[in-house]
Each structure stands twice: as C-alpha cells, then as structure tokens.
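Structure first, then comments.
Only a predicted model underlies this, so the values are computations on that prediction, with no experimental measurement involved. Keep in mind that the numbers below use all heavy atoms, side chains included, and drop hydrogens, waters and symmetry copies.
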Amino acid sequence: MFYQFQQNNSYGYFIVNDKVCHRLFIEAENEDEAISKAEELGCYWDGVDNGQDCPCCGDRWSRYFVEPVPIDKYSTEGYPVSVYDGIYKDTVAEWNRKFGGYECVVKPEFETLYSSKSYAGRIRFKDIEEYAHYLSDEYGWTSPDARIYYKNGVVKEIFSSRDGRM
C-alpha cells in the first residue's frame, strides 16, 4: 500500500531537498510505518504550534491528511477527470491534450452540474508512478514534484511534463 504526504507551502515556499518535495508516496504495510518513514525523511507535524510554520498558511505537513492511495480502485474503476467548458477554445481538444495519453475507463462526455458545464470522464492509472505523474502535471509546484519511496529502498523522482523530464 502507498501512502501520500502532501506538503503545504507554509510561509509561501516549499522545502525541496534530496528527501522531500511537494508530494511523497511511501510504500508501507500500514499508516504508522508510513508516518515513521516520512519523519525519517524530514516531515514533521504541528509546525504552527511548534513555531516552525506560518500561522496563517498552516502546517507544512499534516499526519491527519495521510491517506492510502487506492491505486487498485483507480486501475479498475478509473479516476474522474474533467475540463470546464467555455474556458478553452476547444474543450474536447483540451481534454484530449491533458488526459488523452491515459487509458480511458469512462469515455468523456459533456455534463452540467448546477450552472457549470464540463467535459468529464474517467482515466486508468496502471501504477503509482503513472498516478504521481498525473498529479505532478495537474498540480505540480516543485522539481521534482513527487518522490516515490518503495519498500525495497528504490526511490523514484517524478517531474512534471512542464519540466521537460518524465
């Protein structure tokens, strides 16, 4: 099982070094083991209370938002992705540009929720690396944007496609 740790940019910046970056994925038997590994890497908790982090920005790391990544579910049922209609010249082309490289589980179609219209579907991730790369492309802030720590000691860095590395 992989557990995800996401860094908040407390004080308006992210800490990036040879161990941590914006997002960490740690393979572990359980949440306690994942949290212990995260602490070894430099994650800390309650940074605002301890005076390490900005009180208005919030804690840099939080063990309360640690969650297992349901990669098996994303592999079988897919992961919902959408593009808002009316923002791009061609909504369908934008969806294909962003998500067309992934296997489609549910073909996209236009849908309306309240007053917003979007082009939405579901894509499949074959493994944690593909999922981490998707998140790096969508929400990446650092370089590398994610690191995957495997139980066997292998560490894989994930860069956004905007970095020119993959």
Side-chain angles (χ1 to χ4, degrees), residues 1-28 30-71 74 79-89 91 94-95 97-102 113-120 123 125 127-151 153-166:
M1 175 75 54
F2 285 92
Y3 293 84
Q4 180 177 198
F5 296 79
Q6 184 173 315
Q7 184 179 167
N8 178 32
N9 66 341
S10 194
Y11 284 116
Y13 67 91
F14 292 98
I15 295 172
V16 180
N17 57 36
D18 62 339
K19 295 181 181 171
V20 299
C21 54
H22 180 207
R23 196 179 310 270
L24 306 176
F25 295 94
I26 298 175
E27 187 178 26
N30 55 54
E31 185 176 308
D32 289 338
E33 182 182 318
I35 288 172
S36 178
K37 175 66 174 177
E39 288 170 345
E40 289 174 23
L41 295 170
C43 295
Y44 57 87
W45 323 115
D46 307 315
V48 171
D49 290 344
N50 296 329
Q52 292 173 274
D53 295 334
C54 173
C56 1
C57 297
D59 292 327
R60 185 168 301 282
W61 301 99
S62 175
R63 69 177 153 256
Y64 302 110
F65 294 109
V66 173
E67 54 190 38
V69 178
I71 201 69
Y74 297 159
Y79 184 87
V81 292
S82 63
V83 172
Y84 285 110
D85 190 35
I87 295 175
Y88 304 98
K89 189 180 249 184
T91 303
E94 181 63 15
W95 194 95
R97 183 190 70 76
K98 290 177 76 171
F99 312 120
Y102 297 99
L113 181 62
Y114 305 109
S115 62
S116 296
K117 187 175 180 184
S118 64
Y119 192 62
I123 57 175
F125 301 115
D127 57 27
I128 192 70
E129 291 182 23
E130 193 171 48
Y131 176 63
H133 194 268
Y134 160 79
L135 290 175
S136 293
D137 282 347
E138 285 295 295
Y139 310 107
W141 288 95
T142 65
S143 185
D145 188 62
R147 282 199 181 93
I148 303 170
Y149 289 88
Y150 291 94
K151 282 186 71 80
V154 170
V155 179
K156 174 79 177 191
E157 292 186 334
I158 305 294
F159 293 87
S160 166
S161 297
R162 295 181 301 269
D163 283 347
R165 306 187 237 181
M166 292 178 76

[X] side chain to [Y] backbone, donor-acceptor under 3.5 Å:
X: Thr142; Y: His22; answer: yes
X: Asn50; Y: Gln52; answer: no
X: Ser10; Y: Cys54; answer: yes
X: Asp137; Y: Ser161; answer: yes

* Is Phe65 atom CZ crowded by more than 12 heavy atoms from other residues, nucleotides or ligands, each under 6.0 Å away? ->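 No, CZ of Phe65 has 12 or fewer neighbouring heavy atoms, counting only those of other groups under 6.0 Å.
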
* Asked: When the ring planes of Phe99 and Tyr134 are compared, do they come out parallel, tilted or perpendicular, using 30° and 60° as the limits?
  ->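 It falls in the tilted class, 30° to 60°.
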
* **Parallel, tilted or perpendicular, as decided by the 30° and 60° cut-offs, for the rings of Tyr150 and Phe2** =>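 Taking Tyr150 first and then Phe2, their aromatic rings stand perpendicular (interplane angle over 60°).
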
* Run the side chain to side chain contact (heavy atoms under 4.5 Å, CB included) check on Phe25 and Tyr131 step by step: do they pass? -> CA-CA 10 Å; Phe25 295 94; Tyr131 176 63; 4.0 Å; yes

Enumerate, atom names and distances included, each donor-acceptor pair closer than 3.5 Å involving a side-chain atom of residues 32-43, sequence neighbours excluded.
| from | atom 1 | to | atom 2 | distance (Å) |
| --- | --- | --- | --- | --- |
| Glu33 | OE1 | Glu29 | N | 3.4 |
| Glu33 | OE2 | Lys151 | NZ | 2.7 |
| Glu39 | OE2 | Trp45 | NE1 | 2.5 |

Check whether any side-chain heavy atom of [X] sits under 4.5 Å from a side-chain heavy atom of [Y], and report yes or no.
X: Ile158; Y: Pro144; value: no
X: Tyr139; Y: Gln6; value: no
X: Asp53; Y: Trp61; value: no

* To do: Apply the test side chain to side chain contact (heavy atoms under 4.5 Å, CB included) to residues Tyr149 and Lys19: give CA-CA distance (whole Å), side-chain angles for both, the deciding distance (0.1 Å), then the verdict.
  => CA-CA 10 Å; Tyr149 289 88; Lys19 295 181 181 171; 4.0 Å; yes

Please find the pair of heavy atoms, one from [X] and one from [Y], that lie closest to each other, and give the distance.
X: Gln7; Y: Phe14; result: O-CE2, 3.2 Å
X: Pro68; Y: Pro70; result: O-CD, 3.3 Å
X: Ile71; Y: Asp127; result: CD1-O, 3.6 Å
X: Val83; Y: Lys98; result: CG2-CD, 4.3 Å
X: Thr91; Y: Asp85; result: OG1-OD1, 2.6 Å
X: Ile148; Y: Glu129; result: CD1-CG, 3.5 Å

Rounded to the nearest 0.5 Å, how far apart are [atom1] of [X] and [atom2] of [Y]?
X: Tyr44; Y: Ser62; atom1: OH; atom2: OG; value: 12.0 Å
X: Trp141; Y: Cys21; atom1: CH2; atom2: SG; value: 15.0 Å
X: Ile87; Y: Glu94; atom1: CD1; atom2: CD; value: 9.5 Å
X: Tyr74; Y: Phe125; atom1: OH; atom2: CZ; value: 8.0 Å
X: Asn9; Y: Ile15; atom1: CG; atom2: CD1; value: 11.0 Å

* To do: Report yes or no: is the cationic atom of Arg60 (NZ for Lys, CZ for Arg) closer than 6.0 Å to the six-membered ring centre of Tyr13, at no more than 45° off its axis?
  =>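 Verdict for Tyr13: a cation-pi partner in Arg60.
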
* Please list, chain by chain and in numerical order, all residues satisfying side-chain hydrogen bond (donor to acceptor under 3.5 Å, both in side chains) with Glu27, sequence neighbours excluded. =>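 Here no residue qualifies.
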
